[in-house]
Amino acid sequence: MAHCRLTRILLLFFCLILSCGFSHAEPLIAQTEPLHNEESHYDPVDISPGISDHFHVLFKTLTFATTQKASDSKLNPDNTFLQIPRYTIEGELRPDFSLNFDSFQLSAKPRVNVAWKRWEDSPKDGEDNINDDWYVNEWLASLRFFNRLYLSYGRENLQWGPSYLLSPSNPFFRDNGQSNPKREVPGMDFGRLVWIINPHWTVSAIANTDEGRQEFANGFDPTYALKLDFTGYKKYFSLIGSKREGNQERLGAFAGWTASDAIMLYTEGSIGKSSNALYPEQDLSSPFGIAMTEKKKNDNSFEKSLLVGISYTLEMGPTFTVEYLYNSFGYDDQENTLYYQLQQRASAFLTSPPPLGAVSREALGQCTDPGLRFLRQNYLMAQYLHSHIHNKLNLTFRYIHNLDDHGGQFIPIAELDIGDHFQLFFVGSMNIGSKDTEFKRFIDHYAMLGLEYTF
Amino acid sequence: MRLKISLFFITVVVLIATGSVSFAEQSSKEILQNADRARGNLDGVKWIVQIVSHEDSRVQERVLEVQAKGYDFLAILADPAKVKGQKLLMKDRNMWFMKPGLRKPVPISPRQKLIGGAAYGDIAATNYAGDYDATVLPDETVAGESCYVFDLKAAHKRTTYDRIIYWVSKQRLVGIKAEFFTVSGKLFKKAVFEYKNKIMIDNNPNPFISKMIISDALLSENVTIMTFSQSRLETITDGIFDLNLLMMR
């Protein structure tokens, strides 16, 4: 306990010292000698000669309140199982530090989150509590050799691919961070070797060695990948071969083409012979007659995920994007029926004494996170994005439609700049459909309103 | 015999003509190369670009730390604070935008303007001598300065503009004015250049671009001012423009 407190104090001290140091930085001596530059009133962030020349810091603080209404679903009847808080107020410090030399780089992103939560409509009705969380979401040490070889190790949020809905070519992260841009995706530990063959071709060897801050309901297995990237005139593509320990190999790919100044076409997908996701199956040994199993772990049939997208930018600014996803990893109609039957049967025994109550909670826990980014097989997404409206407002409206269960999710995101340092933001989510639809399993609606301050 | 003499004279005339044409091309190219030298370096340039954009009576200001090589560049937004740390990468005319915290680079189309009225190519170095076929127009005087005038037409599809009329000072050998045209031949913006910076090339001080003032051809009150400072000519490694490494920075 004392050790933990000491660590927190040291971390905070480190953040404050660095942020103070950088906020009083001296300007860098210019390489060109301006004869007259009286109109430039920018003071560079770099500082006086020495090691501090190479230090950079970005400090953000976020304060936000959220309200969310838990769905009265089969998975979470009366919010008894998940006990989702009705209201939260959070404050988060997000300093990003980096030390950049020509061939060596160090960076760290320590975080402090303090959250107040209040429950309603659940067994915790009327309760509230405050928690603080101190952690390093990302850090990295990297070395460059011979101008073309980069070796790194650290905790990263390693994202790629052109799509918004999800990135099926990424074998490491299920969440690509697009659904709520104000929430950081927890980092995982990676070792990477990147070889830039020439300006067009790059090869990366990637080892995901630890789950880091991610949580895997079914346990973490190290994953290894080899990534080949090509960039050509107005087009790019990547191939990603990966192997998760205990699973078969998987091949992912993405590609994009800038068809004109306004139109971009892209695709992203993956194909693999096994999945360690959980699928519902009839099981007479289960007290509910149905169990969640890793039935595709040793399956020899190919499962695939394919996303195609197009975006069009109008001359006046807004960009419209449409994406379609086919996801054979998801449940078919029969599996979907079993999935909700299992929830209904298990939730009836949620408050039963052990062992039935414990088995019920385990089954519902598996249904909560079966290891799939999307539960079903066919999705359509439409998005409207308009940035820099009057130089101060960014708007995103995204609608995702599940073509199999006909449920949907509407996500509005608004960011309003107030002066040079403050931004007021709103992120919402309105889930549409019956109780037996994917998007309505957990939350009926969600709203986040907050203020971001950048030093 | 008369036929042989005629053929001889025709050959001489053709040789002189082609020789004079190639001489003219060479000198145009040299003039443009000199002008390009004051606006960057194909092997790489690092500079701070301040962009102040006046559009429809609104003012937008951005400061970018730019590393550019050929047509590729990485721009890290440094000011104002609200955009600090945002990154813009152009590689082979593919563009990505990345916000700190979000981490996923998002591909964007060239039409998605993030830096006011300037074209993305304006923050990189120029290579008019290599990228455009030049036709020499009659000399003109601009602001009291005698200028060569060139009609530049894009020699390949990678250029930022399709056609440019470019005025180069005879005395200073720097481009001081330009007019930019669409494919259909319509004038859409104009620019004037200032060279109040200097940079050492072969131990000699050379004038170097300090400001580019771009105005909309139709709405003259829409003006974008780009101020260049802390410029350094140096070789930029390919890793700077690699998307895999962008997330490390």
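Here is the naming used below: chain letters follow the sequence lines, and residue numbers restart at 1 for every chain. Computed from a prediction, not measured in an experiment: that's the story for all the values here.
Residue contact with chain A, scored on non-hydrogen atoms closer than 4.5 Å, involves the side chain of B:Trp96 exclusively. Residue B:Val83 does not touch chain A at all, counting heavy-atom pairs closer than 4.5 Å.
For the pair A:Asp261 (side chain) and B:Ser109 (backbone), a donor-acceptor distance under 3.5 Å is absent. Formation of a donor-acceptor pair under 3.5 Å by the B:Lys82 side chain with backbone atoms of A:Thr454 is not found in this model.
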The test is side-chain contact (heavy atoms from CB on, under 4.5 Å); show your working for B:Thr237 and A:Ile196 and say whether it passes. CA-CA 10 Å; B:Thr237 59; A:Ile196 298 171; over 6 Å; no
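Between B:Pro100 and A:Lys60, some side-chain heavy-atom pair lies under the 4.5 Å cut-off. Proximity of B:Pro107 to A:Met264: side-chain heavy atoms (C-beta onward) are separated by under 4.5 Å at one or more points. Residues B:Lys104 and A:Tyr164 form no side-chain contact, since every pair of their non-hydrogen atoms from C-beta on lies 4.5 Å or further apart.
Residue B:Arg111 holds its CZ atom at 11.5 Å from CE of A:Met316, rounded to the nearest 0.5 Å. Separating the CG atom in A:Asn391 from the CZ atom in B:Arg62 is a distance of 7.0 Å, to the nearest 0.5 Å. How far CG of B:Leu245 is from CZ of A:Arg144: 10.0 Å, rounded to the nearest 0.5 Å. Distance check: B:Leu243 CG to A:Thr202 OG1 gives 9.5 Å after rounding to the nearest 0.5 Å. A distance of 9.0 Å separates NE2 of A:His421 from NZ of B:Lys84, quoted to the nearest 0.5 Å. To the nearest 0.5 Å, the span separating OG on A:Ser238 from CG on B:Asn244 amounts to 7.0 Å.
Looking only at heavy-atom pairs under 4.5 Å with chain B, the residue among A:Asn137, A:Asp229, A:Ile263 that has the most is A:Asp229. With respect to chain A, the highest number of heavy-atom pairs below 4.5 Å among B:Met95, B:Lys157, B:Glu194, B:Lys46 belongs to B:Lys157. Contact tally against chain B (heavy-atom pairs below 4.5 Å) for A:Leu58, A:Asp96, A:Leu158, A:Thr258: the top residue is A:Leu58. In terms of heavy-atom pairs under 4.5 Å with chain B, the best-connected choice from A:Glu452, A:Glu315, A:Arg94 is A:Glu315.
Shown here for B:Asp92 and A:Gly232, the closest heavy-atom pair between the two residues is CB-O, 3.3 Å.
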